[in-house]
Amino acid sequence: MAETEPLYIYNTLSGKKEEFKPIAPPFVGLYTCGPTVYSDAHLGNVRTFLTFDIVYRYLTFLGYNVRYVRNITDVGHLLHDADEGEDKIEQRARMEKIEPMEIVQKYTNGFHDTVKTFNLIPPSIEPTATGHIIEQIEMIQRIIDNGFGYEVNGSVYFDVKKYSEQHDYGELSGRKIDELLEQTRDNLEGGNEKRFFADFAIWKKASNETIMKWPSPWSEGVPGWHLECSVMSTKYLGPQFDIHGGGMDLKFPHHECEIAQSVGADGINPVKYWMHGNMLTVNGTKMSKSLGNSFLPHELISGDHPLLDQGYSPMTVRFFFLQANYRSTIDFSNDALVAAEKGLKRLMNAVNLLDKLTIAEKTTIDIDSLIISCEKSMKDDFNTPITLAHLFDGVKMINSINDNKDQITKTDLKRLKDHYFNYVFEILGLKAENEESESRGLPDELMSLIINLRNQSKDNKDWATADLIRDELKRLNISIKDSKDTSTWNYEN
RNA sequence: GGUUUCGUGGCCGAGUGGCUAGGCAGUGCUCUGCAAAAGCAUCUACAGCGGUUCGAAUCCGCUCGAAACCUCCA
């Protein structure tokens with residue numbers, strides 16, 4: 001692998017693409033905000049995790065030793081207002097009449113199934129908030145000791161006003177603290193324990209009924225939502241690490257608060273490169289549970305949802321996402337998914353052809369520029385749509401060789417195969433989905449029997465019988481496709 | 001209301017101060033007993049109005065439109 005071109009990453013902190021320089025190469029620390037496991041992850045959630053799956057895969061491909069940390073939020077994420085509502089998991093547990101930790105387990109399992117379905121590589125470490133209560137309490141103490149936290153009635157708040165006198169609260173999201181006050185739609189209402197409207201809870205005293213709570217120097221309570229990411233990233237990646245990812249909607253306040261907490265506790269700006277993935281939209285509007293326009297992965301695959309004309313395979317969805325830049329919104333539609341389905345098939349057909357090409361004395365295609373182009377586009381802030389475009393240029397080449405219009409030598413074919421293997425499977429994380437061949441056994445043998453009989457009819461030019469077999473199978477949702485000397489079959493969806 | 005981003009051909013989506021994005025659909029062709037599939041070729045574009053420039057879809061301004069964030073959200 002030619003390791004010459006630098007990698008550029010769009011850093012939210014600066015608002016531009018910057019050359020990626022790891023703090024301690026060959027090691028790279030990558031942290032992504034994981035799910036709050038109080039309900040099923042929907043497709044929009046999947047998109048963000050996919051974005052960082054690509055980052056992880058590509059950095060690894062480049063030879064970096066990546067430690068990828070993605071947390072599970074299993075406590076502390078409150079409803080409605082980050083500091084006032086009920087814990088999401090507790091509320092859900094009450095609704096389903098089970099233990100909060102059962103909720104956590106149930107939806108953690110579901111999340112793992114989902115990410116596996118879409119072929120996401122598991123993180124190196126997947127820490128939970130409840131597993132790091134002690135560390136969170138320690139961090140709160142450091143924040144208090146440094147004068148950036150204060151206790152009121154057993155709860156501890158981060159003193160944003162004080163912090164902003166010495167530091168830039170808003171450096172990530174571009175907000176100005178004094179403007180924030182006027183711009184906030186709902187300003188401070190009465191009965192609030194906070195000294196300043198922008199302060200946020202880092203420890204919240206729990207009510208008597210609350211099941212999930214822990215002792216602390218201030219009260220029995222729960223840690224604030226923003227805190228866990230600061231604590232766990234620091235613990236596993238150090239006080240300063242390379243890349244922090246998450247959805248665009250977490251930029252403010254969540255990530256802004258993370259910075260403030262780390263600086264407040266340890267005096268170090270925790271992250272060199274902030275990356276934010278954009279939203280999945282439906283008819284131009286953000287997919288979200290509250291709007292009722294979200295659907296779950298299994299609904300997408302089965303097609304069992306009012307917004308869906310049909311089901312789409314996980315790899316179709318993965319390909320669909322990769323056709324857009326992670327920093328752009330991508331709009332869901334059935335047309336777009338159908339297009340992705342066909343595009344993916346075209347790509348995969350060509351990849352499969354690679355094993356069947358005949359070798360020649362010379363090579364008449366330009367493999368070098370294909371390889372260089374793909375490297376260039378991936379190193380330009382993980383530009384997967386351009387990379388796919390290059391790979392489709394290569395598809396033309398492959399087909400052309402297959403049609404004997406171009407030629408390739410043994411060595412070059414090996415390079416081409418390696419290239420597609422690397423990019424399609426390793427970097428973009430696509431995989432073959434031959435669902436019809438999954439442990440078919442008997443049907444497979446029956447079908448080859450039928451196809452053989454039909455081929456005999458064809459050999460005898462008994463078209464009526466051959467067509468009858470094909471038509472009758474079609475009624476059973478099985479389609480027959482004749483190529484030059486063989487016939488293939490598959491289930492129709 | 002504030003902040004930010006965006007408005008590309010039938011659809012999805014890149015990119016960029018002058019040079020083909022790509023995928024899907026459409027059209028034509030090849031292959032084929034027929035069909036399907038597949039392959040090849042090919043058409044339509046840069047919201048509107050001004051400005052900067054030799055030249056702008058790309059830079060600047062305004063208008064219109066959309067979205068995200070400012071509340072929990074990936």
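Naming convention: chains lettered A, B, ... in sequence-line order (proteins, then strands); numbering from 1 in each chain.
When the C1' atom is used for both B/G61 and B/A56, the distance is 15 Å, rounded to whole Å. With both ends at atom P, the span from B/G48 to B/U71 equals 36 Å, rounded to whole Å. When the C1' atom is compared between B/U20 and B/A37, the two are found 28 Å apart, to the nearest whole Å. Remark: the separation of the P atoms in B/U27 and B/C69 is 41 Å, to the nearest Å. The gap from the P atom of B/U58 to that of B/G50 amounts to 14 Å, rounded to the nearest Å. Comparing the same atom, C1', in B/G17 and in B/C54 gives a spacing of 12 Å after rounding to whole Å. Taking the P atoms as reference points, B/U63 lies 13 Å from B/G1, given to the whole Å. Nucleotides B/C62 and B/C70 place their C1' atoms 26 Å apart, quoted to the nearest Å.
Between A/N278 and the phosphate of B/U5, there is no side-chain N or O to OP1/OP2 separation shorter than 4.0 Å. Residue A/S328 has a polar side-chain atom (N or O) positioned under 4.0 Å from OP1 or OP2 of B/A14.
For residues 308-329 of chain A, there are no ring-ring contact (aromatic ring centres under 6.0 Å, His included) pairs, not counting sequence neighbours.
Using a 4.0 Å cut-off between charged nitrogen and carboxylate oxygen, A/D471 and A/R475 do not count as a salt-bridge pair. Checked for salt-bridge contact, A/D467 and A/R470 meet the test: a charged N lies under 4.0 Å from a carboxylate O. A salt bridge links A/D249 with A/K286: at least one charged nitrogen is closer than 4.0 Å to a carboxylate oxygen.
In this entry the distance linking CE of A/M287 with P of B/A68 reads 13 Å, nearest Å. In this structure, the CE atom of A/M397 is 16 Å from the P atom of B/G39, given to the nearest Å. What separates CE of A/M378 from C1' of B/A14 is a distance of 15 Å, to the nearest Å.
Using a 4.0 Å heavy-atom cutoff across all strands shown, A/L391 reaches no nucleic acid atom at all. Contact annotation for A/M279: base contact, defined as any heavy-atom pair under 4.0 Å involving a base atom. At a threshold of 4.0 angstrom between heavy atoms, the contacts of A/G246 are confined to the sugar-phosphate backbone, with no base atom among them. Counting non-hydrogen atoms under 4.0 angstrom, A/I330 reaches the backbone sugars and phosphates but no base.
Checking B/A74, B/C69, B/G15 against every side-chain atom of A/N383, the shortest atom distance belongs to B/G15. The side chain of A/K286 lies closest to B/A68, out of B/A37, B/A68, B/A14.
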5' to 3', nucleotides 20-27 of chain B under a 4.0 Å protein heavy-atom cut-off (B base, S sugar-phosphate only, - none) gives -BBBSS--
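For A/Y420, the ring pair (Phe, Tyr, Trp, His ring centres under 6.0 Å) test picks out no residue, with sequence neighbours left out. With sequence neighbours excluded, the residues forming a ring pair (Phe, Tyr, Trp, His ring centres under 6.0 Å) with A/F49 are A/F111, listed by chain and number. A/S377 meets the side chain to side chain donor-acceptor pair (under 3.5 Å) test with A/T387; sequence neighbours excluded. Every ring pair (Phe, Tyr, Trp, His ring centres under 6.0 Å) that A/Y31 has, sequence neighbours left out, goes to A/H244. Qualifying ring pair (Phe, Tyr, Trp, His ring centres under 6.0 Å) partners for A/H305, counting only residues two or more places apart in sequence or in other chains: A/F295.
Evaluation of atom-type donor-acceptor distances gives a pair under 3.5 Å for the side chain of A/R470 against the base of B/A35. Side-chain to base pairing of A/D403 with B/C40: no donor and acceptor N or O lie closer than 3.5 Å to each other. Counting distance only, with no hydrogens placed and no angle test, the side-chain atoms of A/N325 and the base atoms of B/G13 include no donor-acceptor pair under 3.5 Å.
Each of A/S400 and A/Y326 lies near RNA chain B, and the nucleotide nearest A/Y326 is the one positioned closer to the 5' end. Comparing A/T285 and A/K481 by the nucleotide of RNA chain B that holds the closest heavy atom to each, the one mapping nearer the 5' end is A/K481.
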Dot-bracket notation for RNA chain B is requested: 5' to 3', Watson-Crick or G-U wobble pairs only, both distances under 3.5 Å, with ( ), [ ], | and . as defined.
(((((((..(((.....[...))).(((((.......)))))....(((((..]....))))))))))))....
Determine all donor-acceptor pairs shorter than 3.5 Å in which one atom belongs to a side chain in residues 398-405 of chain A; sequence neighbours excluded.
from	atom 1	to	atom 2	distance (Å)
A/N399	ND2	A/V395	O	3.3
A/S400	OG	A/D406	OD2	2.7

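Of the N and O atoms on the side chains of A/E193 and A/Y157, at least one donor lies less than 3.5 Å from an acceptor on the other residue.
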